[in-house]
There are 2 protein chains.
Amino acid sequence: MELEKITSRDEAAYRRRYDDACGTAHGLELVGERWALLVIRELMLGPKRFNDLRSDLPGISANVLTQRLESLEAGGIVVKRRLPPPASVQVYELTEWGYQAEPIIQTLGRWATRSPGHDPNLPLSAVSLMLSFRTMFDAARGKGLKATVGFRLGAESYLVRIGDGELHAARGDADQADLTFTGAPPMVAAAVYGGVPLSALEADGALKIDGDRALAERFVTLFPLPPKTNAAAK
Amino acid sequence: MELEKITSRDEAAYRRRYDDACGTAHGLELVGERWALLVIRELMLGPKRFNDLRSDLPGISANVLTQRLESLEAGGIVVKRRLPPPASVQVYELTEWGYQAEPIIQTLGRWATRSPGHDPNLPLSAVSLMLSFRTMFDAARGKGLKATVGFRLGAESYLVRIGDGELHAARGDADQADLTFTGAPPMVAAAVYGGVPLSALEADGALKIDGDRALAERFVTLFPLPPKTNAAAK
DNA sequence: CGGCATCCGGGAAGATACTG
DNA sequence: CAGTATCTTCCCGGATGCCG
């Protein structure tokens, strides 16, 4: 009875495979389930705890998150780890290979922003914002610029370093920056991607800007969006 | 009653969204459903008919294919078109933006080949094989090479052109090539990715090679696979 | 035959409540 | 805080059948 159940589950799992030697098909078996790629996204800037993942992934339920973390761990993409004392807290972290999934997230994201259906006025996590900077940075526009920009987004703090035509984004202490933004991620996105003037966001208290003001005005121009696709396409 | 049904379906669809401004999340709403990306893959080298898609996607059922084509069409990724007479046949074709999804497929595929779980000994479609050439071509190894290689894969015929350190793959008449392979796609894959000697494949009739033999021996070395990830990763 | 609607069974996702 | 347990709803996959 129990055995039969297991057999039937295995058969089902087998039927659910793509049975395709193509790397893309295998990739979909690894990260193609609902939520999987977004879990990876949230871990891309460092390990997180279960409940932090849960709150940064609006709409995921606890049991689905548990299942995804299990299958990602089984696939060698995520490891469950316990932080050393005194923290002694359990976190989930990408493996080295897991971190290499970032181009997938970037390529998919860059392509999808061309969709007419893309709505930038939705909730946005801090990690998404930082990854969007990595993805959308235009080296030509940032030419000659050397600066460190800090972000205080709720409890998390990030540092974006620009220099030599490259951009680095990571967790870090915002106090060391030439300029810091303080506010919710969607407000920063409104300035960078929505074209909302910084002054307007400051006026209603949505965003606080400390430090080099001219740098702030330039920073928001460094991440051009690709043109929308023609709705009446070929 | 009917109205209520529609409302409840809309609510369900709404609940199923990711509610996330991140481009990646929107990308997953567009192509994240099961089979969707593989349907796009099969269309990447030109339009196909419903039943050709069905047979090139082993395991997909007719109703799921119908659903995917509908939602891809709604998303502006695919168009349904009727070929001009005398064919007068209905085909599905990627929009210009749809063709731009190729880097997604490539990035995911390249990343996934590093998985320990990737099994190259599975069925493989002709399009998958051609796209894998585009994805895995090593320009350094192909330096100085100028050649046209033809493939007769069942009813379909393809041409791969190599020159100036670039590789192009498209549907085309294999007769114009310096060299042609005739056989099933997995047999070609065995030679290129599995390290099976061409002579062995010829011996049991799995593969037929016509034309420049030395070119064939070189061709199979042009697509190195990335190293597998360490199973006991960090 | 090609494309699509319909019905059914099983399983995955979602919501809520509960436990260590 | 970090998950389980449970229940419902919905999607996937298979089969059948309709229609051009």
Side-chain angles (χ1 to χ4, degrees), chain A residues 4-20 28-29 31-39 47-73 78 80-83 86-93 155, chain B residues 2 4-20 25 28-29 32-39 47-74 78-83 87-93 155:
Chain A
E4 187 190 348
K5 194 174 179 182
I6 288 171
T7 302
S8 121
R9 291 195 115 202
D10 285 356
E11 280 173 8
Y14 178 80
R15 248 198 320 276
R16 261 184 100 62
R17 296 187 162 276
Y18 286 115
D19 195 28
D20 193 320
L28 291 172
E29 283 168 358
V31 301
E33 289 163 306
R34 195 167 157 75
W35 292 108
L37 209 54
L38 299 184
V39 171
K48 283 194 179 181
R49 303 171 66 164
F50 187 91
N51 277 345
D52 291 335
L53 283 171
R54 211 180 153 181
S55 46
D56 292 336
L57 257 17
I60 197 172
S61 60
N63 51 7
V64 171
L65 180 53
T66 301
Q67 285 174 34
R68 285 306 159 271
L69 289 169
E70 275 170 4
S71 68
L72 290 174
E73 194 174 7
V78 159
K80 191 193 298 194
R81 194 159 66 88
R82 188 165 290 278
L83 249 38
S88 287
V89 129
Q90 189 174 273
V91 294
Y92 294 89
E93 182 172 20
Chain B
E2 183 59 25
E4 187 190 349
K5 194 174 179 182
I6 287 170
T7 302
S8 119
R9 290 197 118 204
D10 286 355
E11 279 172 8
Y14 178 81
R15 249 198 319 278
R16 222 145 193 306
R17 297 188 164 275
Y18 286 114
D19 196 28
D20 192 320
L28 291 172
E29 284 168 357
E33 287 164 307
R34 195 168 156 72
W35 293 107
L37 209 55
L38 298 184
V39 171
K48 282 193 180 182
R49 305 170 64 160
F50 186 92
N51 277 339
D52 291 335
L53 283 170
R54 215 181 148 182
S55 45
D56 292 336
L57 258 17
I60 197 171
S61 60
N63 52 4
V64 170
L65 180 54
T66 301
Q67 285 173 34
R68 285 307 160 270
L69 289 169
E70 274 171 6
S71 68
L72 290 174
E73 193 173 9
V78 159
V79 281
K80 189 192 300 192
R81 195 158 66 87
R82 189 164 289 277
L83 249 38
S88 289
V89 130
Q90 189 172 274
V91 293
Y92 295 88
E93 182 172 20

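Numbered from 1 within each chain, the chains take letters A, B, ... in sequence-line order. Quick note: numbers below take in every heavy atom, side chains included, and nothing from hydrogens, waters or symmetry partners.
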Side-chain contact check for B/Thr66: nearest option of D/dG14, C/dA5, C/dA13 is C/dA5

- Query: Do the side-chain N or O atoms of B/Tyr18 get closer than 4.0 angstrom to the phosphate oxygens (OP1, OP2) of C/dG14?
  - Reply: no

Here the gap from A/Leu38 atom CG to A/Asp56 atom CG, rounded to the nearest 0.5 Å, amounts to 11.5 Å

*Is there a side-chain polar atom (N or O) of A/Arg49 under 4.0 Å from OP1 or OP2 of D/dA2?*
yes

Closest non-hydrogen atoms of B/Leu65 and B/Arg54, given as atom of the first, atom of the second and distance, are CD2-N, 4.0 Å

In whole angstroms, the gap separating P of D/dA2 from CG of A/Leu69 amounts to 11 Å

Atom CZ of A/Arg34 and atom P of D/dT9 are separated, to the nearest Å, by 18 Å

Nearest heavy-atom approach of A/Val31 to A/Ala36 is O-CB, 3.6 Å

The residue among A/Arg82, A/Arg81, A/Arg49 that forms salt bridge (Lys or Arg N to Asp or Glu O under 4.0 Å) with A/Glu93 is A/Arg81

Rounded to whole Å, the OH-C1' distance (A/Tyr92 to D/dC1) equals 11 Å

With the side chain defined as heavy atoms from C-beta on, A/Arg68 is closest, among C/dA12, D/dA2, C/dG14, to C/dA12

Do any N or O atoms of the protein come closer than 3.5 Å to N or O atoms of nucleotides 5-8 of chain D, and which pairs are they?
unit_1 : atom_1 : unit_2  : atom_2 : d
D/dT6  : O4     : A/Asn63 : ND2    : 3.2

task = Using only side-chain N and O atoms of A/Arg54, determine if any of them is under 4.0 Å from OP1 or OP2 of D/dG3.
result = no

Taken to the nearest whole Å, CD/B/Gln90 to C1'/C/dC4 is 10 Å

Rounded to the nearest 0.5 angstrom, the CZ-CD distance for B/Arg17 and B/Glu29 is 5.0 Å

Kindly say if A/Trp35 contacts the phosphate of C/dG14, meaning a side-chain N or O under 4.0 Å from OP1 or OP2. yes

**Asked** Quick one: is B/Gln67 getting a side-chain N or O under 4.0 Å of the D/dC11 phosphate, OP1 or OP2?
**Response** no

| message | Using only atom types and a distance under 3.5 Å, with no angle test, would you say the side chain of B/Tyr18 pairs donor to acceptor with the backbone of A/Leu57? | response | no

B/Glu33 atom CD is separated from C/dA12 atom C1', nearest whole Å, by 14 Å

Rounded to whole Å, CG of B/Leu65 lies from P of C/dA5 at a distance of 13 Å

A/Leu83 atom CG is separated from D/dC1 atom P, nearest whole Å, by 15 Å

Item to complete: Verify the contact: side-chain N or O of B/Lys80 to OP1 or OP2 of C/dC4, cut-off strictly under 4.0 Å; return yes or no.
Response: yes

Worksheet item: Under 4.5 Å between any side-chain heavy atoms of B/Leu69 and B/Phe50, yes or no?
Response: yes

Here the distance between atom C1' of C/dG14 and atom CG of B/Asp19, to the nearest Å, is 15 Å

Ranking A/Glu70 and B/Val64 by the position along DNA chain D of their nearest nucleotide, the one closer to 5' is A/Glu70

Against the side chain of B/Phe50, the closest entry in C/dA12, C/dG14, C/dC4 is C/dC4

Item to complete: Verify, without hydrogens or angle tests, whether B/Arg68 (side chain) and B/Arg34 (backbone) share a donor-acceptor contact under 3.5 angstrom.
Response: yes

